[in-house]
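Proteins come first, then strands; the chains are lettered A, B, ... in the order of their sequence lines, and each starts at number 1.
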Amino acid sequence: MKLQAQLLDITYKIIENTAIIYLYCLSDRGKNIIAKVDSFKPYFYVIPQEKESDLLDRLKAFKVIRDEKTIKITKVEEIRRDNQKVYKVFTNIPSNIPILKDEVKIWPEVKGKREFDIAFTRRYLIDNDIEPLSWIQIIGIEEETTCNEDIFLHVKEITKVKSKDELSFNMLAFDLEVLDEKIIMASFYSKDFRKVLCIKDFPTKQKYVKVVNNEKELLEKLVEIIVSRKVNVLLGYNTDRFDFEIIKERAEKLGVTLNLGVDGSKLFFVKRGLSHSARINGRINIDLYAFVENLIQQELKAETLSLNSVANELIGEKKYDIDWDEMESSWKKEQNLATLSKYCLKDSELTYKLGEKLVPVVFSLSVLIGQIPFEVSRERYSQVVEQILIKHSHIKKTLIPNRPSKDEILKRRGNSYAGAFVLEPKGGIYKNLAMLDYRSLYPSIIVSHNISPETLNCDCCEPKDEIMGNYFCKLKKGFIPEVLEKIMKERFTLKSKLKKLKSGSQEYQDMYTRQVALKYVLNATYGYLAYSGARWYCNECASAITGLGRKYITETIEAARKTGLNVVYSDTDSVLLQGENIHERAQDFLIKTNKKLPKFMEIEIEDFYQSGVFTSTSKGVGIKKRYALLSENGELRIKGLERVRRDWCALAKDLQEQVIKLVLTDQNDAAVKLVQETVDALKKKEIALKKLQIYTKLKKTIDKYEIMTPHVQAAKRAIERGLEIKVGQTIRYVITEGEGRISDKAEIIKFATNYDSEYYIENQILPAALRILRVLGYSEDDFLMKGKQTSLSKFAG
DNA sequence: CTTGACCGGGG
DNA sequence: GTGTACGGTCAAG
């Protein structure tokens with residue numbers, strides 16, 4: 001039988017002491033294909049010493065007994081890698097590899113061991129050059145299967161085929177509502193499907209609501225929905241750390257079998273760091289929170305990664321605003337269940353829409369680095385970079401470096417080097433601004449200067465053109481610059497093709513997400529070289545990259561000053577320029593600068609800003625990385641300020657944002673007046689407690705806290721008064737009137753009847769407002785003089 | 001200044 | 001199990 005399909009997922013099982021790889025695919029006719037491969041064998045490399053005499057024979061004959069099982073080397077091949085002889089040592093099952101490598105590494109004839117920790121299914125994909133989600137042709141013998149709609153194949157041969165149109169995957173988002181550690185509702189959202197399962201009956205006209213008898217039935221229905229809808233991509237938000245944990249726990253307790261796999265297999269968990277991720281054979285389980293946290297966060301303005309703020313920023317939609325305490329009591333009183341079900345469905349809807357936006361990016365990363373979407377969607381930047389380097393290392397037939405040992409990692413963490421250049425701004429308000437930045441500064445430096453672990457202080461060149469005490473080979477192209485240059489060139493080609501395509505088309509979409517995937521790898525490579533856990537770690541490389549970065553940016557600053565422009569600020573790869581006729585002058589400066597730069601390097605205009613505020617300390621020293629800019633089309637860009645942090649009360653955050661807006665639009669007096677009014681209102685106790693609450697999460701039981709922070713103290717007192725507070729609950733507290741430390745005065749909002757004006761004025765309102773107003777010459781005293789306007793009037797006008 | 005504890009998202 | 005998270009922030013020492 002011959003067919004064409006897209007690979008979605010891969011696992012392996014041990015059957016009769018043989019490793020069988022299962023490829024879960026989707027055929028061009030929309031059928032689930034399970035293809036079995038039994039011909040691929042696990043292996044690792046042994047590097048022999050110069051004098052090795054009979055190592056080959058010793059390896060071939062080697063066996064060891066573990067847990068009454070004989071572990072054997074089944075085959076040894078002699079091959080060449082990196083201009084040396086190495087032995088490719090095979091065994092029958094993957095778990096033998098770590099045992100075998102530990103046995104042979106102490107032999108005197110063995111110099112080293114390599115590639116013993118490349119995951120088995122990953123190894124299969126790399127060695128056979130199979131990219132997930134790309135089209136493959138499978139030739140095999142059909143086997144009988146218990147799941148009648150699937151095709152079960154024993155693989156003879158797999159080849160790549162030219163890309164066809166992408167299949168449309170069945171994507172489904174789900175969300176749970178949990179109360180007292182029980183699942184009370186579950187919602188599902190797909191293109192043409194929405195459903196809310198609820199364990200309590202309530203009158204509703206909504207067709208999507210399905211009342212179930214109990215939690216057990218809810219879980220059974222959940223399984224049924226995923227299986228019967230033939231879900232290929234299962235989406236959720238924070239499902240690794242929350243929803244699946246609950247599902248597992250409750251299913252065990254209630255005796256529900258979670259046979260969710262396309263082959264009817266049970267859901268299982270794989271350890272990734274400290275959290276466990278649910279694996280469902282043949283279906284792609286994506287936790288969008290993990291993906292956002294690891295890869296998307298950097299480019300978001302949102303400083304919290306809640307579904308609400310991420311969805312708001314990426315798809316322009318928000319959750320329904322509900323009060324969770326109210327919701328809890330209405331659930332118990334069986335009121336307002338329709339509202340709760342609407343809320344629950346909305347979460348799934350937002351997750352689904354976020355998925356529509358982010359899953360294509362996950363998929364293009366998958367294709368680019370050759371790893372399944374399950375893995376890619378949970379990886380950090382460093383892992384993404386490492387995986388693409390592993391892929392290219394295999395293509396180039398070079399040995400992949402080993403992971404560092406624990407000791408080595410600790411040693412590396414002690415290494416330090418000078419970072420990026422940040423120009424200290426002068427606190428104040430600025431107008432007529434242009435932000436210029438280097439296009440991919442660090443990647444372009446790596447390529448232009450051939451920075452790589454193997455080109456570092458090479459033997460073939462004269463040690464000249466030193467950067468931070470080191471030099472890089474001028475004759476042979478380094479591994480990392482070679483990979484990055486390919487990526488930069490491909491991205492450049494894609495971007496120019498994109499300009500000619502219609503932005504709505506599928507082709508445009510595919511190319512666009514591909515270039516986004518390439519961008520991630522480009523931007524993360526510098527950080528990877530400095531990452532202590534990296535296989536291709538190179539502290540000297542990282543140091544050279546930032547050294548050159550400082551050189552380029554400081555030269556740019558000098559050049560800008562020479563043309564008479566004021567350089568207000570500069571951080572790493574950008575300069576904020578100020579002056580009359582800023583548009584023309586920035587453009588001129590850009591052209592002049594680019595002429596002098598080496599190949600691959602380029603400076604661009606990021607945006608023009610009508611005004612900006614840079615903050616300063618009480619002593620008048622400008623603060624780096626804390627500022628706000630107002631673009632010419634009215635967009636506010638706030639960096640590093642308190643506005644969105646949840647350990648600040650709403651009153652302080654709102655006030656800060658209003659103050660920023662006012663001072664950036666020439667309304668300083670109104671800003672000052674607003675702050676004074678807020679202070680006065682606080683003193684007169686006119687502010688609602690709701691605006692003064694501070695949110696902090698209780699992560700463990702009270703007695704486990706060593707440091708009694710305000711939220712812990714507030715929770716403790718509330719429990720003493722009989723309130724039930726569970727681990728994981730967000731404590732909403734207010735600082736009330738009284739004596740002692742701040743934590744002594746912290747009370748849960750329910751028990752707070754008053755507030756400490758002094759605390760809110762001095763620790764919340766004034767710090768937030770003065771962060772901005774200090775640059776205009778104001779200090780605490782200006783707002784603390786009771787009722788006296790004299791000190792303020794000196795700045796008026 | 002360094003060290004260690006805590007936290008993220010979810011309900 | 002072809003293993004063992006991570007980076008930022010803040011209070012205490």
Side-chain angles (χ1 to χ4, degrees), chain A residues 12 14 19 41-45 66 89-91 93-102 113-124 126 175-185 236-246 270-277 287-294 297-298 302-310 319 322 324-325 327-328 331 340 343-344 347 351 378-383 390 400 402-403 405-406 409 413 527 531-533 640 645-647 695-700 704-712 726-730 742-743:
Chain A
Y12 76 93
I14 306 300
K41 302 295 171 198
Y43 67 86
F44 72 109
Y45 294 121
R66 280 292 155 88
V89 177
F90 290 84
T91 184
I93 61 171
S95 58
N96 290 349
I97 299 276
I99 298 163
L100 289 172
K101 65 107 179 157
D102 282 339
K113 60 203 189 309
R114 292 289 181 87
E115 306 197 15
F116 46 81
D117 57 357
I118 313 289
F120 185 53
T121 52
R122 171 87 185 118
R123 181 91 265 178
Y124 172 79
I126 297 170
D175 179 53
L176 303 180
E177 301 304 320
V178 176
L179 189 61
D180 297 336
E181 287 150 56
K182 288 194 186 91
I183 306 167
I184 58 169
M185 267 189 199
Y237 203 79
N238 204 26
T239 43
D240 275 3
R241 281 189 251 183
F242 186 73
D243 302 62
F244 276 115
E245 293 264 328
I246 300 269
V270 290
K271 203 175 175 190
R272 288 193 65 93
L274 288 182
S275 67
H276 296 260
S277 306
D287 179 353
L288 288 172
Y289 169 68
F291 187 64
V292 168
E293 187 190 35
N294 294 335
Q297 189 174 23
Q298 286 191 330
E303 285 182 42
T304 93
L305 298 182
S306 64
L307 176 59
N308 202 25
S309 63
V310 173
K319 290 165 87 148
I322 66 159
W324 193 249
D325 286 350
M327 204 47 74
E328 239 184 87
W331 170 263
L340 185 58
Y343 171 87
C344 184
D347 273 11
T351 306
R378 289 169 174 79
E379 274 170 357
R380 303 230 152 191
Y381 272 108
S382 55
Q383 290 166 295
I390 285 175
I400 298 164
N402 291 340
R403 281 205 183 125
S405 65
K406 263 187 183 169
I409 290 176
R413 284 200 185 138
Y531 166 58
S532 58
R645 305 177 45 135
R646 69 171 170 187
D647 46 352
Y695 299 74
T696 315
K697 188 165 297 220
L698 197 69
K699 294 294 289 187
K700 48 190 183 185
K704 293 212 176 88
Y705 277 91
E706 282 173 35
I707 302 157
M708 283 295 161
T709 50
H711 82 288
V712 180
K726 290 183 288 282
V727 173
Q729 199 169 314
T730 301
I742 287 165
S743 51

From A:Asp347, A:Asp243, A:Leu307, residue fulfilling side chain to side chain contact (heavy atoms under 4.5 Å, CB included) relative to A:Tyr237: A:Leu307
Any side-chain N or O of A:His711 less than 4.0 Å from the OP1 or OP2 oxygen of C:dC10? no
Residues at least two apart in sequence or cross-chain that pass ring-ring contact (aromatic ring centres under 6.0 Å, His included) with A:Tyr343, listed by chain then number, are none
Under 4.0 Å, counting only non-hydrogen atoms across every strand here, what does A:Glu181 touch: a base, just sugar-phosphate, or nothing? nothing
Tell me: CG of A:Leu305 to P of B:dG8, nearest whole Å? 11 Å
Polar pairs (N or O, both sides) under 3.5 Å between protein and nucleotides 1-3 of chain B?
none

What is the nucleic acid contact for A:Tyr12, judged by heavy atoms within less than 4.0 Å: base, sugar-phosphate only, or nothing? sugar-phosphate
With a 4.0 Å cut-off on heavy atoms, is A:Leu307 in touch with a base, just the backbone sugar-phosphate, or nothing at all? sugar-phosphate
Please write out each protein N/O paired with an N/O of nucleotides 5-8 of chain C under 3.5 Å, distance rounded to 0.1 Å.
| unit_1 | atom_1 | unit_2 | atom_2 | d |
| --- | --- | --- | --- | --- |
| C:dC6 | OP1 | A:Tyr531 | OH | 2.7 |
| C:dC6 | O4' | A:Arg380 | NH1 | 3.2 |

Distance under 6.0 Å and angle within 45° of ring axis: A:Lys101 vs A:Phe44: no
NA contact type, A:Phe120, heavy-atom cut-off 4.0 Å: base, sugar-phosphate, or nothing? base
Just checking A:Asp347: base, sugar-phosphate only, or nothing, at a heavy-atom cut-off of under 4.0 Å? sugar-phosphate
Taking any heavy-atom pair under 4.0 Å as a contact, classify A:Arg378: base, sugar-phosphate, or nothing. nothing
What's A:Ser95 touching, base or sugar-phosphate or nothing? Going by heavy atoms closer than 4.0 Å. base
